[in-house]
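Take a look at this one; I'll ask things after.
Residue numbers begin at 1 in each chain, while the letters A, B, ... track the order of the sequences. Side-chain atoms are counted along with the backbone in the values below, which use heavy atoms only and exclude waters and symmetry mates.
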Protein chains: 2
Amino acid sequence: MNSKEKKEIKVPMKEQFGNYMVPVRDALEVFSGKWKIPIITALSFYESCGFKELERIVEDITPKMLSKELKFLEDNLLITRKVEDTRPVTISYSITEYGRTCKSVMSELYRWGVEHRKKVFNIEGKTWDKCLGH
Amino acid sequence: MNSKEKKEIKVPMKEQFGNYMVPVRDALEVFSGKWKIPIITALSFYESCGFKELERIVEDITPKMLSKELKFLEDNLLITRKVEDTRPVTISYSITEYGRTCKSVMSELYRWGVEHRKKVFNIEGKTWDKCLGH
DNA sequence: CATACTGCTATACTTTTGGATACCACTATA
DNA sequence: TATAGTGGTATCCAAAAGTATAGCAGTATG
């Protein structure tokens, strides 16, 4: 129990790093999950999409998840929802300028992920094809 | 239904981007969740730790989660588990050289997360303190 | 007036994630 | 020989995340 007996005293993370995990968790909330990155990517590419359009672009997503994630992304100022004055009324979802800052994070995840596949599964080019659809 | 009628034809993500989500998901598997980043960070800082030591450093983690995540990180070549020839037997968990490549991803998540807090919660320095501890 | 398109919501699940608690074998120390 | 430290496992449970399926109001279009 005496500190003399311990060769090295290792303090808890918070003492060492403060609350560095708080912003990391904020970021993870935006980028983790099955659908947020695909939606952000779709809107980064297409500028503006309707709800049903997104349902088709982001394959296999259910309307419930799409609706939920769009609200989340809007709350986080990454996209906008605009009601267009057309008949019938259409909605256009677009990425914001701020939303485009996600690209650097997504690129880093992609880059690391590619290296990770090489390292862990020893996949370079050939076997890689297996992962494309099938 | 005719393509003439559509002003713009938006193709599904896979057609546009192939399987770019595969490595992104691989990366997210490593960096998402409540405990992986804290564990990686702890081992990046302390070089080598025992199980009970990690239980104290990574605050509030249960042995079940710690055990599970350590196995996962080992399977992903990010850490090593070495049985030391001591009495009693001790185990030393260490980060691998490869494991250190996680740093660039975690830094990017941190950097973006800090900006995101500023943007969304309008938090700069003062209110920030609220997030430290309690 | 039936059909189909838009932009969703509602309900009932299943799966995944993580937490709580107890406990185990082994070894050292007082 | 009781106590405490090491490195975990086992069991049960709650909450979160995601899926499946149905439906609805409004507006066209044939």
Open item on the list: Taking the minimum atom-to-atom distance to the side chain of A:K52, which one of C:dT6, C:dG18, D:dG18 wins?
Closed with: C:dT6
- [ ] May I ask you to say what A:K36 touches in the nucleic acid, namely base, sugar-phosphate or nothing, with a heavy-atom cut-off under 4.0 Å?
- [x] nothing
Open item on the list: Let's see if you can work this out: which of C:dC8, D:dG18, D:dA20 has an atom nearest to the side-chain heavy atoms of A:T62?
Closed with: D:dA20
Task: Nearest listed nucleotide, side chain of A:I91, among D:dT9, C:dG7, C:dG18 - done: C:dG7
Task: A:M65, nearest nucleotide to its side chain (from D:dT19, C:dC8, D:dG8) - done: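 From the listed options, D:dT19 comes nearest.
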TODO: For A:K68 and for B:E55, find the nucleotide of DNA chain D with the closest heavy atom, then tell me which residue's nucleotide is more 5'.
DONE: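 The 5'-side residue here is B:E55.
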Open item on the list: Can a donor-acceptor pair be found, under 3.5 Å and without considering hydrogens, that links the side chain of B:K71 to the backbone of B:S67?
Closed with: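 No; zero donor-acceptor contacts below 3.5 Å.
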Open item on the list: Whether the side chain of B:K10 engages the backbone of A:L54 through a donor-acceptor N/O pair (distance < 3.5 Å, no angle test) should be reported.
Closed with: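 The answer is no, because no donor-acceptor pair under 3.5 Å joins these two groups.
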- [ ] Would you kindly say whether B:T101 and A:W112 are connected by a side-chain donor-acceptor distance under 3.5 Å?
- [x]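 Side chains of B:T101 and A:W112: pair found under 3.5 Å.
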TODO: Map A:R81 and B:G33 onto DNA chain C by nearest heavy atom, then report which one ends up closer to the 5' terminus.
DONE: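 So the residue in question is A:R81.
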Task: Side chain of B:R87 (C-beta onward), nearest among C:dA22, D:dG18, C:dA28 - done: C:dA28
Open item on the list: I want to check one thing: is the phosphate of C:dT6, taken as OP1 and OP2, less than 4.0 Å away from some side-chain N or O of A:Y93?
Closed with: no
Task: Under-3.5 Å donor-acceptor pair between A:K64 side chain and D:dT19 base - done: yes
- [ ] Using heavy atoms to find the nearest nucleotide of DNA chain C for A:P88 and A:K71 separately, return the residue whose nucleotide is more 5′.
- [x] A:P88
Task: Which nucleotide in D:dG8, D:dT6, C:dC8 has an atom nearest any side-chain atom of B:T90 - done: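 Minimum distance to the B:T90 side chain belongs to D:dT6.
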- [ ] Check the surroundings of atom CG in A:D75: do more than 12 heavy atoms from other residues, nucleotides or ligands lie under 6.0 Å from it?
- [x]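 Buried by this count: over 12 neighbours within 6.0 Å.
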TODO: Spell out, as yes or no, whether a donor-acceptor pair under 3.5 Å connects the side chain of B:K36 to the backbone of B:S32.
DONE: yes
Open item on the list: Would you say A:R56 places a side-chain N or O within less than 4.0 Å of OP1 or OP2 belonging to C:dT6?
Closed with: yes
Task: Rounded distance (Å) that lies between atom C1' of D:dT9 and atom CG of B:L66 - done: 13 Å
